[in-house]
J.: 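Dropping the structure in here first, questions after.
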Amino acid sequence: MTTLLVSHHACIDHDTGSFHPEGPDRLRAVQRVLEAEEFMMVHREDAPHVTREQLLRVHPMSHIDSILDHVPREGLHHVDSDTILSPDSGEAALRAAGGMIQAVDEVMGKRVRNAFVAVRPPGHHAELNTAMGFCLFNNAAIGAFHARAQWGGERVAVVDWDVHHGNGTQHIFWDDPGMFYASTHEAGSFPNTGFVSETGAHGNVVNCPLPSGSQGDVFREAFSEQIMPALRAFAPDLIIISAGFDAHVMDPLANLNLKVGDFTWATQQVMDLAGEICDNRVVSVLEGGYDITALASCVAAHVRTLMEH
């Protein structure tokens with residue numbers, strides 16, 4: 001079995017306007033770096049549309065309709081100051097969530113070993129009924145609840161190392177003892193959630209806010225001493241990685257100082273544990289990462305590590 005790459009050209013057509021950090025060039029850079037010869041053995045599939053039924057496992061119809069009904073015929077529609085809809089955004093959002101569904105199906109069905117979902121818009125800030133932080137639908141949560149509904153995955157974990165806390169995923173999982181959320185993120189950064197005291201209704205949330213300026217050693221200590229033991233104890237049937245790479249030292253939207261090797265190490269940690277507790281079942285989905293060169297390097301290292309496990 002091999003690693004699966006799920007993406008779709010429609011996700012490039014999601015236009016956020018000039019100078020927006022979450023622009024199409026992010027995905028172009030990711031797709032370009034994964035065209036290198038070393039990734040030729042990766043199995044590739046186009047992301048399908050997510051269905052309303054699959055979206056409704058996470059988001060109420062009011063939220064789904066609010067997003068899709070506000071997609072403009074031309075120009076841009078601002079959901080908020082940072083979150084933008086263009087004429088192709090609805091298609092992109094449906095493909096992004098559908099890419100997660102496809103990846104979960106292939107991994108849970110043991111047709112591939114693991115998967116990386118290279119899509120945009122990202123998802124981890126999307127609340128049950130609110131789009132925010134560049135995110136429209138919560139891709140990781142949609143994948144998690146699909147694993148339960150379609151594959152009987154009783155326990156699903158999301159590990160999030162984006163520099164910004166995934167408030168949406170945490171909120172969606174908060175009251176569900178079969179869902180686990182763990183996050184490293186920069187303390188005090190957008191959206192100013194993810195305090196250590198936020199532990200979920202069932203002790204199913206672990207937050208590791210890192211001080212601004214933290215280097216890789218601080219990240220690795222938090223990851224190995226807090227997140228990994230909790231993840232092992234939870235013993236999920238599937239691990240989803242919210243793979244944001246904006247904690248990289250070169251990223252313009254944050255102030256952590258991680259290097260490519262730190263993301264490689266974290267990927268290895270997750271994959272090693274997945275081999276022990278859930279038959280290697282891992283689905284990774286792209287979240288943030290706004291320095292194009294750093295993003296491409298981090299994604300290449302991340303997918304390389306997925307391929308090696």
Side-chain angles (χ1 to χ4, degrees), residues 3-14 16 20-35 39 42 44-47 50 83 89 92-104 106-107 114-126 133-144 158-166 168-169 183-185 239-248 250-251 253-254 258 260 262-264 266-267 270 282-307:
T3 294
L4 170 66
L5 172 64
V6 183
S7 193
H8 199 280
H9 65 83
C11 295
I12 292 177
D13 296 333
H14 168 53
T16 49
H20 194 287
E22 203 294 286
D25 283 346
R26 297 181 63 241
L27 189 52
R28 290 191 183 103
V30 167
Q31 292 180 344
R32 185 163 53 248
V33 76
L34 295 178
E35 290 172 358
F39 301 112
V42 171
R44 296 160 195 264
E45 294 184 9
D46 282 341
V50 69
T83 310
S89 296
L94 294 173
R95 296 283 184 181
M100 274 302 294
I101 299 293
Q102 180 77 355
V104 168
E106 295 296 297
V107 169
N114 52 56
F116 180 62
V117 185
V119 291
R120 53 182 293 273
H124 72 155
H125 294 308
F134 315 158
C135 303
L136 303 178
F137 301 132
N138 195 303
N139 303 319
I142 289 164
V158 171
V159 176
D160 187 340
W161 59 58
D162 191 283
V163 80
H164 304 106
H165 179 248
T169 312
S183 173
T184 59
H185 48 274
I239 300 173
I240 294 172
I241 301 173
S242 271
F245 298 104
D246 40 5
H248 190 278
M250 296 302 296
D251 199 275
L253 295 194
L258 272 58
V260 172
D262 296 310
F263 295 108
T264 300
T267 308
V270 172
V282 173
V283 174
S284 176
V285 60
L286 182 65
E287 299 284 3
Y290 306 102
D291 180 273
I292 300 300
T293 302
L295 174 63
S297 297
C298 290
V299 166
H302 180 60
V303 174
R304 189 179 299 124
T305 309
L306 293 179
M307 293 170 63

J.: If you round to the nearest 0.5 Å, how far is CG of D46 from SG of C11?
T.: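 It is 10.0 Å, given to the nearest 0.5 Å.
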
J.: Do C135 and P122 touch side chain to side chain, with heavy atoms closer than 4.5 Å?
T.: yes

J.: Quick check: do I239 and V270 have side-chain heavy atoms less than 4.5 Å from each other?
T.: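 Answer yes - side chains close enough.
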
J.: Give the intermediate values and the outcome of side-chain contact (heavy atoms from CB on, under 4.5 Å) for residues V303 and L34.
T.: CA-CA 8 Å; V303 174; L34 295 178; 4.0 Å; yes

J.: In the structure I gave you, are the side-chain heavy atoms of L295 and L286 within less than 4.5 Å of one another anywhere?
T.: yes

J.: For residues 20-30, dump all side-chain donor-acceptor pairs below 3.5 Å to protein atoms at least two apart in sequence or in another chain.
T.:
unit_1 : atom_1 : unit_2 : atom_2 : d
H20    : ND1    : E22    : N      : 3.0
H20    : NE2    : D82    : O      : 2.7
E22    : OE1    : R120   : NE     : 3.4
E22    : OE1    : R120   : NH2    : 3.3
E22    : OE2    : R26    : NH1    : 2.8
E22    : OE2    : R120   : NE     : 2.7
D25    : OD1    : R28    : NH1    : 2.7
R26    : NE     : G289   : O      : 2.6
R26    : NH2    : E287   : O      : 2.8
R26    : NH2    : G288   : O      : 3.4
R26    : NH2    : G289   : O      : 3.3

J.: Would you call the rings of W161 and F263 parallel, tilted or perpendicular if under 30° counts as parallel and over 60° as perpendicular?
T.: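 The rings of W161 and F263 sit tilted, inter-plane angle from 30° to 60°.
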
J.: With sequence neighbours excluded, what pairs up with H165 under the ring pair (Phe, Tyr, Trp, His ring centres under 6.0 Å) test?
T.: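 For H165, the residues satisfying ring pair (Phe, Tyr, Trp, His ring centres under 6.0 Å) (neighbours in sequence not counted) are Y181, H185.
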
J.: Checking side-chain contact (heavy atoms from CB on, under 4.5 Å) for the pair V282/I241: CA distance, chi angles, key distance, verdict?
T.: CA-CA 7 Å; V282 173; I241 301 173; 3.8 Å; yes

J.: Any side-chain to backbone donor/acceptor pair from N138 onto G123? Under 3.5 Å, distance only.
T.: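 Answer holds: yes.
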
J.: Taking S89 for its side chain and H14 for its backbone only, find out whether a donor-acceptor pair lies under 3.5 Å.
T.: no

J.: Between A97 and I142, what is the shortest heavy-atom contact and its length?
T.: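 Looking at all heavy atoms of both residues, the shortest contact is CB-CD1, 3.9 Å.
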
J.: Answer yes if the ring centres of F39 and F116 are under 6.0 angstrom apart, and no otherwise.
T.: no

J.: Distance from H302 atom NE2 to T305 atom OG1, nearest 0.5 Å?
T.: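 Rounded to the nearest 0.5 Å, the NE2-OG1 separation comes out at 8.0 Å.
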
J.: So, for A140 and V158, which heavy atoms are closest and what is the spacing to 0.1 Å?
T.: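 Residues A140 and V158, closest heavy atoms: CB-CG2, 4.4 Å.
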
J.: Are D160 and H124 close enough that a side-chain donor and a side-chain acceptor fall under 3.5 Å?
T.: yes

J.: How far apart are the C-alpha atoms of F245 and L258, what are their side-chain angles, what is the distance that settles it, and do they pass the side-chain contact (heavy atoms from CB on, under 4.5 Å) test?
T.: CA-CA 9 Å; F245 298 104; L258 272 58; over 6 Å; no

J.: At their closest point, which heavy atom of V283 faces which heavy atom of A103, and how far apart are they?
T.: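 The answer is CG1-CB, 3.7 Å.
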
J.: Which is it for T83 and H125 under the side-chain contact (heavy atoms from CB on, under 4.5 Å) test, yes or no, and what are the steps along the way?
T.: CA-CA 11 Å; T83 310; H125 294 308; over 6 Å; no

J.: If you take all heavy atoms of L136 and P121, which pair is closest and at what distance?
T.: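 Where L136 meets P121 most closely, the heavy atoms are CD1-CG, 3.8 Å.
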
J.: Roughly how far, to the nearest 0.5 Å, is the CG atom of L94 from the CD1 atom of I101?
T.: 11.5 Å

J.: Identify the two heavy atoms, one from S7 and one from Q31, that lie closest to each other, and give their separation to 0.1 Å.
T.: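 The answer is OG-NE2, 2.9 Å.
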
J.: Please name the pair of heavy atoms, one in V33 and one in A296, separated by the smallest distance, quoted to 0.1 Å.
T.: CG1-O, 3.7 Å

J.: Using modelled atom types and a 3.5 Å cut-off, is there a donor and acceptor pairing between side-chain atoms of R95 and backbone atoms of A47?
T.: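 Yes, because the side chain of R95 sits within donor-acceptor range (under 3.5 Å) of the backbone of A47.
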
J.: May I ask you to check whether over 12 heavy atoms, not counting those of M250, lie within 6.0 Å of atom CE?
T.: no

J.: Would you confirm whether D262, through its side chain, and H248, through its main-chain N or O, come within 3.5 Å as a donor-acceptor pair?
T.: no

J.: Going from CG on N114 to OG1 on T3, what distance comes out if it is rounded to the nearest 0.5 angstrom?
T.: 3.5 Å

J.: Kindly write out the residues that satisfy side-chain contact (heavy atoms from CB on, under 4.5 Å) with E106, not counting sequence neighbours, or none if the list is empty.
T.: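 E106 satisfies side-chain contact (heavy atoms from CB on, under 4.5 Å) with L4, E45, Q102, R111, V112 only.
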
J.: Using modelled atom types only, decide if a donor and an acceptor are shared between the side chain of D246 and the backbone of D162 within a distance under 3.5 Å.
T.: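 Here the side-chain-to-backbone pair does not exist.
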
